[in-house]
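Letters A, B, ... mirror the listed sequences (proteins, then strands); counts begin at 1. Since the model is a prediction, treat every value here as computed from it, not as a measurement.
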Protein chains: 2
Amino acid sequence: MQEKPIDARAEEILKKVIVNYILTGEPVGSRTIAKLSREGLSPASIRNVMADLEEMGFLAQPHTSAGRVPTDKGYRYYVDGLLDPFRLAPRDRALIDESLSRVASEFGEAIEIIPKLLSRLSSQVGYVITPPIRDAVLKHIEFVRLHERRVLCVFVDRSGVVSHRIIEVGEEYAQADLDRAGRYLVEEFAGLVLGEIRSRLVALMAQEKAAFDVLLRNAINLGTLYLNAEQDERRLVLEGTANIMKHPEFADMDTMRRLFETFEEKHHLVKLLDRCLDASGVRVVIGSETDDPALGSLALVASPYQVDQRSAGVVGLLGPTRMEYQRAVALVDYISRLLSSLLTSPPH
Amino acid sequence: MQEKPIDARAEEILKKVIVNYILTGEPVGSRTIAKLSREGLSPASIRNVMADLEEMGFLAQPHTSAGRVPTDKGYRYYVDGLLDPFRLAPRDRALIDESLSRVASEFGEAIEIIPKLLSRLSSQVGYVITPPIRDAVLKHIEFVRLHERRVLCVFVDRSGVVSHRIIEVGEEYAQADLDRAGRYLVEEFAGLVLGEIRSRLVALMAQEKAAFDVLLRNAINLGTLYLNAEQDERRLVLEGTANIMKHPEFADMDTMRRLFETFEEKHHLVKLLDRCLDASGVRVVIGSETDDPALGSLALVASPYQVDQRSAGVVGLLGPTRMEYQRAVALVDYISRLLSSLLTSPPH
DNA sequence: CTTTAGCACTCTTCGACAGCGAGTGCCAAT
DNA sequence: ATTGGCACTCGCTGTCGAAGAGTGCTAAAG
């Protein structure tokens, strides 16, 4: 950022190299660029520029006598300033509109469909990450006695997402008590965010009324037990991981295996995606910028989506650094906007 | 089966070839076998036998001047009659016991842990398939109004498995009505299998009482709406798919991709596993026996598990046909027995 | 009749080597 | 500043030959 030593011509050439490389997957040489350029520059001149670009770290050569290939830094520059505007094909748009309109505002369903959609339309890996439970809005909560000390807690979010967890309780509850406690919590706190509910429960607990009212005490107990655990937990849904194998740059089984292991773990990915939560629009993370060696030659296109104007989760896709960024960005942008509007405006 | 043209010696040799191949992954020649055999047979004699075995389809040669490799038919014969008895290492046993005892009889948790366990202990792909919803035993059911015509139905099985689905209702319900209907269903039918509940509901519907009792009518309506859809649905959990890539026999990206696509679809796998449901113990399906070209060089080790003496679902693992069958079989057998006993005996 | 030693044959693998083609860097001329 | 020319560097491909592993067949031995 401090130095921006690229003049218009170099920029032009860098862009041509990258576009060409994305298209063909093969290192591109000066001759190729010369032919493409209507400016009529000779290969030799272009070689000079390319040598400069290499020196500055935007391009690299796989070996001495090969053409140039973009580096992560090169892609970065390209994505930040050289992207051609791109409009989604009307049929793609229509497909998205139609698929998403069917799930209406039920986030629980959207979450299954969106990654598939992204994956299909991009031939890459699509994903959605849900908001943390902390931000879920209580619609319904229910406690079910499994045996003595184990209680299943089922939670339903306003947008129809169901999550559940088993909690270990200190004393034994009858199912009827559990029912009452659940109903109490719903009546009292429906419409509030879980984080908020949690702090209110803590406040209630301090009041002396809680010591005498059994119903209240139970509700507080169960509620806090449920709310205390893993409030940051988010669900990540990946779809189309097999698509990664279409790309020749992953011929090596070993890196491929490590890649799929991180797919299975999800843990790292979630952490990575968190970084994209606060972005204001589509964000692209390229190769080494991920700080994860297993994702070395992958790029991530991510956009946060909003629920009621608040940034909630992230949707996007994942593919080789050599991907059609314009298309990917347009796609992710469109879907995230649509999703946000579905989750925000409609009557709940 | 009709012809069993293998004498003791041929059997011995077949076994040695297979064991050796499983061990090394390389075609095994007559010399190797000669050295292994304490009978002191010469390579030439062994060659004759091997030629016979090849003619009968138990062995094959990758090319004319290579050693022999087992065919699927060869593995089949080996698995059916030549397996050495195998005992799990005590530490493996202990690990399994400990992991499973912690989830007690909560099937909902076991289902997450078991495939991981299988995968870790075998370095292959572990899986569990759940019983179809039809066989689930009602513990709790709950209807939550999402909007006008859409109702979320949350179902809890006796063993703590939660499943849910959105249903479209004909008329609009108030949440209070939904609550009552849910409570009614639980009171009336808790402890029964869903399939049974469904037929009872159908019977009730015919009675005229249903026409007048609003509560009853609602319960019947909602209950049947929920129960009508996809009663055969089963959940398949796969874990450790990345392990497949460790095996050199899958160097080819294209078959690998198709394989992972079937992993993602799950559909085919479920169908395949259904065939193992009625088996009385561990069952092995080898390569082409799967009738799925994408699974061409995979073998499946599967064992049904029981819930209350009834065959319910299947656990097992998935790996290359060249796998240590004894170990795999022992592992799957042990886990399925343990799981069955956890799901059957304990106090519910 | 079974077993085995011997031998010719087949195929893969590996390294060496050469030729081709693509592309570069540099220099000198424009 | 641009460009034509040229030597050079690599990777890729194909060929060749030698080595090695393993086979099938035949004829001799048990």
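- Between B:R76 and B:D72 there is no salt bridge, since no side-chain N of the basic residue sits under 4.0 Å from a carboxylate O of the acidic one.
- Taking 4.0 angstrom as the limit, A:S42 places a side-chain polar atom (N or O) nearer than this to OP1 or OP2 of D:dT3.
- For A:M50, the side-chain atoms get nearest to C:dT24 when compared with the rest of D:dT23, D:dG24, C:dT24.
- When the C1' atom of C:dT2 is taken as reference, atom CD1 of B:I46 falls 14 Å away, rounded to whole Å.
- The listed nucleotides are C:dT10, C:dG25, C:dT3; the one nearest the side chain of A:A51 is C:dG25.
- The interatomic distance linking B:I13 (CD1) with C:dT3 (P) rounds to 10 Å, in whole Å.
- Comparing D:dT23, C:dA5, C:dG25 by their closest approach to the side chain of B:R47 singles out D:dT23.
- A straight line from CG of B:N48 to C1' of C:dT2 spans 10 Å, rounded to a whole angstrom.
- OP1 or OP2 of C:dT4 has at least one side-chain nitrogen or oxygen of B:S45 nearer than 4.0 Å.
- If you check C:dG25, D:dT23, D:dT3 against the side chain of A:Q61, the one that comes closest is C:dG25.
- Here D:dT9 presents its C1' atom at 13 Å from CZ of A:R68, a figure rounded to the nearest Å.
- Classified by interplanar angle (parallel below 30°, tilted 30° to 60°, perpendicular above 60°), the ring pair B:Y21/B:Y75 is tilted.
- Put simply, CG on A:D52 is 13 Å from P on C:dT24, counting in whole angstrom units.
- Place B:H63 and A:R31 on DNA chain C by their nearest nucleotides, and B:H63 ends up nearer the 5' end.
- Contact annotation for A:A66: backbone-only contact, meaning every heavy-atom pair under 4.0 Å involves sugar-phosphate atoms and none involves a base.
- As rounded to whole Å, 15 Å separates atom C1' of C:dT24 from atom CD1 of A:I33.
- Counting only heavy atoms from C-beta on, B:T64 has its side chain closest to C:dC11 among C:dC11, C:dT24, C:dT3.
- Looking at the side chain of A:L41, the nearest of the listed nucleotides C:dT10, D:dT3, C:dA5 is D:dT3.
- A donor-acceptor pair under 3.5 Å links the side-chain atoms of A:R283 to the main chain of A:R275, judged by distance alone.
- Among the nucleotides C:dT10, C:dG23, D:dT23, the one closest to the side chain of B:S30 is D:dT23.
- Under the 4.0 Å criterion applied to side-chain N and carboxylate O atoms, B:D254 and B:R257 are assigned as salt-bridge partners.
- Regarding A:K35, its NZ atom lies at a distance of 11 Å from the C1' atom of C:dA22, rounded to whole Å.
- For A:N20 and C:dA22, the CG to C1' distance is 15 Å, given to the nearest whole Å.
- Side-chain contact, A:S119 with A:N243: a donor N or O sits under 3.5 Å from an acceptor N or O.
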